[in-house]
Each structure stands twice: as C-alpha cells, then as structure tokens.
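Have a look at the structure below, then the notes.
None of these values were measured; they are calculated from a predicted model. Reminder, nothing fancy here: chain letters follow the sequence lines and each chain counts from 1.
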2 protein chains.
Amino acid sequence: MQDSQTSETTQKTIEETIVSGILSAKIRPGTRLSENQLAALFGVSRTRVREAMMRLETRGIVHVSPRRGWFVIEPSAEDAIAVYEARRVIEAGLLRSMCALTDEGRSALDAHLNEEKRALASGNRQRLTYLMGDFHIRIAELSGNAIIVDILRDLTARTILISMLYQSEFHAAQSHDGHCRIFEAMQAGDFVRAAELSVEHLDEVEMGLDLTTRPDPLSELRSSLSLPPKTVASGPTVRPKKPLLQRSN
Amino acid sequence: MQDSQTSETTQKTIEETIVSGILSAKIRPGTRLSENQLAALFGVSRTRVREAMMRLETRGIVHVSPRRGWFVIEPSAEDAIAVYEARRVIEAGLLRSMCALTDEGRSALDAHLNEEKRALASGNRQRLTYLMGDFHIRIAELSGNAIIVDILRDLTARTILISMLYQSEFHAAQSHDGHCRIFEAMQAGDFVRAAELSVEHLDEVEMGLDLTTRPDPLSELRSSLSLPPKTVASGPTVRPKKPLLQRSN
DNA sequence: TCTGGCTATCTTGCATACAAGACAGAAAGC
DNA sequence: GCTTTCTGTCTTGTATGCAAGATAGCCAGA
C-alpha cells in the first residue's frame with residue numbers, strides 16, 4: 001500500500017508523479033491533493049509534500065486555496081487562450097529557428113508518429129492524450145535546449161488540463177494528421193512551413209475547445225451578482241477580443 | 001535592522017526581493033543565501049525562507065548544494081548559450097506574432113527608451129543593467145500574456161547573471177541602439193523586421209560575452225583530471241558546436 | 001615545517017507540534 | 001419547517017527541534 005522509497009529517489013518523485021499523471025490525463029483538473037494523503041502515500045512527512053506543491057505551484061500546475069487545500073488548476077477560458085497563445089509563440093519560434101533535422105531526430109519523430117498511429121487504432125484515449133502532448137515536447141527536445149523543453153512540458157500539462165475541461169470531442173485523428181504534416185515539412189527542411197503548420201495545428205485544437213462551457217457552474221450567477229471570481233479559475237468565460245497577437249500568419 | 005513585515009506582505013517578498021536584486025545587478029552570481037540570515041532579515045522562520053528558495057530553484061535562479069547552502073546560480077558557458085537561444089526563440093516568436101502597437105504600448109516603450117537614454121548619460125551602471133533587461137520584459141507585457149512575461153522575466157534574470165560573469169565590457173550604448181531600432185520597426189508595424197532585429201540584438205549581446213573566461217578558476221584542472229564538474233556550473237567552457245538552431249535568419 | 005586527524009561549529013534536511021482558519025453537521029431557537 | 005449558531009473536525013500555515021553532513025581550525029606527531 002505504501003511506496004516508501006528510500007528517500008533519495010523520493011526527492012523529486014512526488015512532483016514528477018503528479019506531472020506525469022496529468023500528462024497522461026489520469027489526474028483531472030480540480031483534483032484535490034491532500035498533503036496528508038500524499039505524505040502517507042509516499043511515506044514521507046508533510047514537509048516534503050509541501051515542497052513539491054510549492055514547486056508545482058510556481059510551475060503553474062497546482063494552486064493552493066488558503067487553509068482549504070491544494071488543487072490541480074482548473075484553467076479559465078482566459079487561461080486557456082493564454083496557454084495556446086504562448087505555445088504558438090514558442091513552438092513557432094522554435095521551429096523557425098531550426099535549420100536541420102538529424103538522423104536521430106528524424107527517427108525519433110518517426111517512431112513517435114507510429115506510436116500515435118497505433119494508439120489511434122487501439123483507441124486508448126489516455127495514451128492518445130499523452131502522445132498528442134508528447135509530440136510537441138519531442139520537437140522541443142530536438143533543439144537540445146533544456147530550458148525550452150521544460151517550458152513546453154509545463155505548458156503541455158496545462159494544455160491537457162484545458163482539454164479535459166473544455167474539449168467536448170477528441171479529434172485525435174485530426175491532431176495526428178497535423179503532427180504528420182509538421183513532420184513532413186521538417187523532413188523537407190522547410191522549417192518556416194513547419195512553424196506555420198504548427199500555428200495552424202494549435203489553432204485547430206484551440207478552436208475545437210468549447211470555451212463557453214463553464215467549469216464552475218456557478219460562475220454565471222457569480223458574475224451577474226458581481227462577486228469576485230473563484231480564485232482558482234473562471235471569471236467571465238466569453239472569449240475576449242484578441243489583443244495584439246495574431247492567430248496565424 | 002530587521003524588516004519584520006506583518007507576514008501578509010512577507011509572503012512573496014523574499015522571492016521577489018531576490019529576483020529584483022538580481023535584475024538590478026545588486027546580487028552577484030554565486031552569492032550565498034543563508035536560510036538563517038534571510039530568516040532573520042525578514043523576521044520569519046527558516047520554513048518560509050526555504051519555501052522561497054524552493055520556488056526560486058524551480059525558476060532556475062537559485063541552486064542548493066546539499067548541506068552546504070543555497071547559492072545564486074553561476075551559469076556555465078553552455079547555460080549561457082542555452083539562455084540566449086531560448087530568448088531568441090521566444091522573443092522573435094513573440095514579435096512575429098504581434099500585429100499592432102497600441103498607443104499605450106507605444107508610449108510605454110517610448111518612455112522606457114528615454115529612461116535608457118538618461119541612464120546612459122548619467123552612467124549609472126546598475127540602473128542601466130536593469131533597464132536593458134527590462135526593455136525586453138516590457139515588450140512581453142505588450143502582448144498581455146502573463147505566461148510569456150513570467151518566462152522572460154526569469155530568463156532576463158539569468159541573462160543578467162550571465163553578463164555579470166562573462167561580460168568584460170558593457171556595451172550599453174550599442175544595446176540601447178538595438179532597442180531603438182526594434183522599437184522603430186514596431187512603430188512602423190513591421191513586426192517581422194522587429195523580430196529579426198531582436199535576434200540580431202541578442203546575437204550582438206551574446207557575442208560580446210567572453211565565454212572562455214572561467215567562473216571557476218579550477219575548472220581547467222578539474223576537467224583535465226576528469227573530475228565531475230562543479231554541480232553549480234562550469235564544465236568544459238569552450239563554446240560547443242551549435243546544434244540545430246540557427247543564430248539569425 | 002608539514003601532514004594528518006580530530007573536534008567544534010555551521011549548514012541544510014526532515015519531521016513534528018501547535019495555531020488558526022474553513023467547513024460540515026448537529027442542536028437550539030423561532 | 002426554517003434559520004441560526006455552535007462545536008468538532010479537518011485542512012493548511014508556521015515555527016521549532018533534532019539529525020546528519022560539510023567545513024574550518026586546532027593540535028599532535030613525524
């Protein structure tokens with residue numbers, strides 16, 4: 001029942017366990033993460049659980065409601081838009097700055113796309129979710145830049161939380177096609193095209209969200225009474241006017 | 001002698017005090033941050049100092065050497081290259097995705113550039129360092145995307161630590177010119193050009209670094225004896241072959 | 001004089017104790 | 001029956017205590 005690792009490995013395990021739980025869609029947004037329960041689960045004291053929570057909080061994955069508990073974030077519609085915007089900026093910037101695809105890179109992506117195809121055939125939704133997000137992390141890994149990889153991993157985690165909240169139907173096949181097109185452009189050495197395709201792909205996925213669905217069923221009432229929005233998320237949920245950034249080019 | 005805030009404000013104060021100390025070049029890389037000293041300074045217990053340190057560690061600003069202490073990171077030459085690479089990717093991606101400059105945005109940047117000019121004339125080096133970094137954060141703020149702002153703030157902090165380690169002479173006037181050119185392109189609505197100029201500007205600053213200077217004077221000996229590199233930084237300090245990302249376009 | 005080891009001290013690592021706020025459910029008053 | 005209040009319980013917030021590793025300085029011995 002207990003894990004009770006030998007405390008060298010437990011160091012970062014709590015943090016990574018939760019992140020990978022999110023990346024594979026096993027942990028839903030809003031999940032409460034009790035310090036006591038996690039402490040018991042990992043066989044450590046609350047202290048170390050709290051440290052992991054603090055780290056996850058600065059990574060934008062978890063949120064604390066004072067004296068109530070830690071919760072996996074429930075991104076608001078605005079948050080969702082900001083995350084997709086940030087991903088477009090970074091991923092397009094990344095692809096545009098690439099200038100070659102090594103053999104190992106090519107075969108890594110190829111293997112990944114084959115896995116996507118297999119998961120698509122088998123219909124394993126959790127695995128599909130994981131793979132769909134992981135594709136973008138793999139691209140970041142091609143750059144060899146650990147900073148960008150870390151950033152995109154956290155943004156991907158948030159993306160998955162977003163889709164669990166707002167994605168009514170899962171257009172996995174469409175996403176897979178998008179990934180294949182990006183890969184083809186990269187193989188052809190046309191990284192500008194790959195960047196454009198990446199923006200289009202993220203646009204497609206974002207457009208597939210129903211951002212009028214309210215994760216907080218009380219938010220309409222709340223805002224009509226002009227109460228403060230839930231600290232964790234929500235607020236007005238209509239898609240606001242896009243400010244300075246353009247969607248595609 | 002003590003600050004001893006009323007503990008509501010102290011919440012994030014420790015973290016932000018250190019970050020802004022770095023952003024204004026008042027805290028040098030390698031500075032030791034003693035839990036006890038900080039606790040006394042802020043009138044809190046070590047617990048909260050540790051929380052702040054953990055957060056700063058996940059932000060890539062601080063580093064712990066087990067049972068020895070917390071230290072402001074001393075980026076290695078590879079780290080420096082990775083940070084500049086990430087900044088080029090993100091800032092160019094950001095500018096490319098912008099499509100308009102609001103009046104407030106224009107005047108904010110204009111005011112900032114005037115401040116740069118004043119600081120340049122007065123010769124206040126710390127203030128100059130701060131302003132030179134802050135320009136890029138201001139651009140990020142134009143996007144209204146808090147995620148990107150946070151990312152670039154942390155990268156800017158690291159950049160400043162890098163320049164304190166590797167920048168022999170401070171080409172502030174050249175940087176200021178670069179900023180002005182970027183601003184002009186933005187005013188002209190040519191954001192593609194602004195992105196290109198931004199990449200060139202970051203290239204210039206990076207080229208101004210002397211990455212053969214060793215922050216760890218023992219690193220040559222260390223590597224010739226093939227000992228493990230200092231956990232905090234160093235390693236082989238020659239500029240490695242650039243892998244997949246191109247500098248400018 | 002130099003080397004080696006011992007010890008005193010200072011550091012973080014981690015657990016625990018207690019304080020205080022949030023909440024749910026029962027009980028009392030209307 | 002409905003509302004209100006109170007109280008017990010559960011949560012995190014924070015401080016503190018102790019353990020254990022790292023380091024520097026001293027002292028003894030060659």
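The separation between Arg48(A) atom CZ and dT16(C) atom C1' is 15 Å, rounded to whole Å. Atom CG of Leu38(B) and atom P of dT11(C) are 12 Å apart (whole Å). If you measure from atom CD of Glu35(A) to atom P of dG21(C), you get 17 Å, rounded to the nearest angstrom. Atom-to-atom, CE of Met53(A) to P of dC14(C) comes out at 16 Å; the value is rounded to the nearest Å. In this structure, CZ of Phe42(A) is placed 18 Å from C1' of dA15(C), rounded to the nearest angstrom. Atom CZ in Arg68(A) sits about 15 Å away from atom C1' in dT9(D), given to the nearest Å. The CG atom of Asn36(B) sits 8 Å away from the C1' atom of dT11(C) (whole-angstrom rounding). One atom, CD of Glu51(B), and another, C1' of dT12(D), lie 11 Å apart when rounded to the nearest Å.
Nearest nucleotide to the side chain of Arg50(B), out of dG13(C), dA22(D), dC14(C): dG13(C). Across dT16(C), dT11(D), dG13(D), the shortest atom-to-atom separation from the side chain of Arg46(A) is found for dG13(D). Distances from the side chain of Val64(B) to the nucleotides dG13(C), dA15(D), dA22(D) place dG13(C) closest. Nearest nucleotide to the Ser45(A) side chain, out of dT12(C), dT16(C), dT11(C): dT16(C).
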* To do: Start with the C-alpha distance between Asp150(B) and Arg59(B), add both sets of side-chain angles, then the distance that settles salt bridge (Lys or Arg N to Asp or Glu O under 4.0 Å), and finish with yes or no.
  => CA-CA 10 Å; Asp150(B) 287 343; Arg59(B) 293 172 66 180; over 6 Å; no
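Using a 4.5 Å cut-off on side-chain heavy atoms (C-beta onward), Asp134(A) and Glu115(A) make no contact.
Between the side chain of Arg67(A) and the base of dT12(D), a donor-acceptor pair under 3.5 Å is found.
OP1 or OP2 of dC14(C) has not a single side-chain nitrogen or oxygen of Thr47(A) nearer than 4.0 Å.
Remark: Leu94(A) CG to Arg87(A) CZ distance equals 12.0 Å, nearest 0.5 Å.
Phe71(A) and His63(A) have tilted rings, their planes meeting at an angle from 30° to 60° on a 0 to 90° scale.
One N or O on the side chain of Asp79(B) and one on the backbone of Ser76(B) form a donor-acceptor pair closer than 3.5 Å.
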